[in-house]
Amino acid sequence: MHHRTGIVSRGVSILMLAQLSAVALPAQAEDFQACVAGLKSTALRAGIAPAVVRRALDIAEPKQKVLRLSKIQPEFRTPIWDYMAFLVDDQRIADGKAVIRKHAVSLARAEQRYGVDRYVIAAVWGIETDYGRTTGRNFLPHALSTLACRGGRRAAFWRRELIAALTIVSNGDLPLDKLYGSWAGAFGQTQFMPSTYRRLAVDLDGDGKKDLVDSIPDALGSTANYLRRAGWIAGHPRLIEVRVPADYAGPEGRRRKFSLNDWAVRGIRRTDGRLLKGSRRAGLLLPAGRHGPAFLVFRNFDAVYAYNHAESYALAIMHLADRLAGGGSFKTRWPTDDPGISRAQRLQLQKLLITRGYDIGEADGKIGKRSRAAIRQAERKLGLKVTGRAGLRIYQALGGK
Ligand code: CA
């Protein structure tokens, strides 16, 4: 579906015909074909095997889905408690514990070689692709060409990612038909961008190839290598849940680091009752303000942040890792009377909406526009506050357990 044969040669001839007869093609189609031709030259100059270039860039038109997705501005801001409930749910914890047992040898090897905690490696895998279940269905050369030729200011970035992707194939690490991933080019078990793959992928299983698509050991080892290069320090904490005094007005934020002793002086206390002390430096993270859960985060939090620049993401990874290692849920509740729900509950919520006659298409667990519209209608009908959120209140009001 992503890979069309025979179209580019036709495209070129249409282009020539257009030039000869001076019949104007729609400028965009012509521009796109000229741009792809330019990408081919660039790829050949970069030393990519001609056969790989031919097969990968046999593309006549931009991929509409990629263009659409690249323009979407999230119209719905996800509260942190929804984000966390979705990413760190019972299913992901149970699945994670199972994969940690199943891949114990690879995780131990990755941990030993790169000094990165196995629970964090597993958590990245679990959150990026649900432990390899959802790695993305976009053919990367097509998606990246679309972005390179229509990506505006970032065209050079996408072009470099495209060349990196083709280099991975050209140098024998992966066959071309394994290059499927997100619309923005992240792929494999732990969703590396092609340039990151080129820089940091490792061959942990020792078969001579760096395969982050089908080799779980390679993917786990590469994730560990990434985190180590991002500054992971072996043996340092993931995060510490704390309480802040009600009248706290001191510094906060991941970057404003002070020693644990300093935090203790400022009245910060661990929620597990242990003493906060030592010279190790941490920042105070208040993801939902002063009345929600609070955390001291260390250098290793920054290393995870480097993977996907969002503090909520790093928090989800560290918390999932804690849970996989046997830790419990947060001691402080999120400051809301309508908490987030798990993936299983989201799916059930959709089924409940369908049962009540709301047209949301098929229940797939993904809360999109139609699900949110149906939730708003149901909330209105039930006399609840209208939020359009898949939260616990509407879930329970519709009979969810
Ligand atoms: Ca390998």
Side-chain angles (χ1 to χ4, degrees), residues 3 43 46-49 51-53 55-56 95-141 143-144 160-182 184-230 232 234 303-304 306-308 317 321 324:
H3 205 60
I48 315 285
V52 172
V53 174
R55 283 167 54 223
D95 291 345
K97 287 179 175 172
V99 301
I100 284 170
R101 281 194 296 275
K102 186 170 174 195
H103 298 285
V105 173
S106 300
L107 284 165
R109 190 179 299 161
E111 190 174 76
Q112 192 181 22
R113 194 172 294 177
Y114 302 103
V116 178
D117 172 355
R118 72 184 66 193
Y119 300 105
V120 171
I121 303 169
V124 170
W125 188 23
I127 283 179
E128 287 294 339
T129 65
D130 199 15
Y131 310 104
R133 287 190 189 96
T134 53
T135 53
R137 294 182 182 177
N138 300 281
F139 184 55
L140 256 53
L144 292 168
R160 280 195 299 275
E161 292 299 336
L162 172 68
I163 301 303
L166 299 183
T167 305
I168 294 165
V169 175
S170 193
N171 68 16
D173 281 322
L174 282 179
L176 184 61
D177 65 6
K178 292 291 178 184
L179 289 189
Y180 283 82
S182 81
F187 74 115
Q189 298 283 331
T190 52
Q191 301 284 284
F192 274 33
M193 289 298 287
S195 61
T196 308
Y197 195 118
R198 294 269 295 132
R199 273 190 306 124
L200 298 173
V202 300
D203 172 26
L204 197 78
D205 64 15
D207 71 347
K209 292 180 180 177
K210 298 168 183 173
D211 177 359
L212 310 196
V213 174
D214 288 331
S215 165
I216 289 167
D218 286 6
L220 300 178
S222 301
T223 301
N225 186 38
Y226 185 108
L227 291 171
R228 186 192 61 156
R229 295 286 198 93
W232 185 276
V304 175
Y307 211 94
N308 180 356
I317 296 285
L324 296 178

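In each ligand, atom 1 is the first atom listed, and ligand 1 is the first ligand listed. The first residue of the sequence shown is numbered 1, and numbering continues consecutively from there.
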Q: Dump the intermediate steps for side chain to side chain donor-acceptor pair (under 3.5 Å) on Thr190 and Thr223, then the final yes or no.
A: CA-CA 7 Å; Thr190 52; Thr223 301; 2.9 Å; yes

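- At a threshold of 4.0 Å, the pair Lys178-Asp214 counts as salt-bridged, since one of the basic side-chain nitrogens sits closer than that to a carboxylate oxygen.
- When every heavy atom of Arg118 is checked against every heavy atom of Glu111, the shortest pair comes out as N-OE2, 2.7 Å.
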Q: Check the pair Ser195, Glu161 against side chain to side chain donor-acceptor pair (under 3.5 Å), reporting the backbone distance first and the verdict last.
A: CA-CA 6 Å; Ser195 61; Glu161 292 299 336; 2.5 Å; yes

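- Atoms of the protein (N, O or S only) found under 3.0 Å from the Ca ion (ligand 1) are Asp203 OD1, Asp205 OD1, Asp207 OD1, Lys209 O, Asp218 OD1, Asp218 OD2.
- In this structure, Asp95 and Val99 have side chains that are not in contact, with every pair of non-hydrogen atoms separated by 4.5 Å or more.
- A centroid separation of less than 6.0 Å is found between the aromatic rings of Tyr197 and Phe187.
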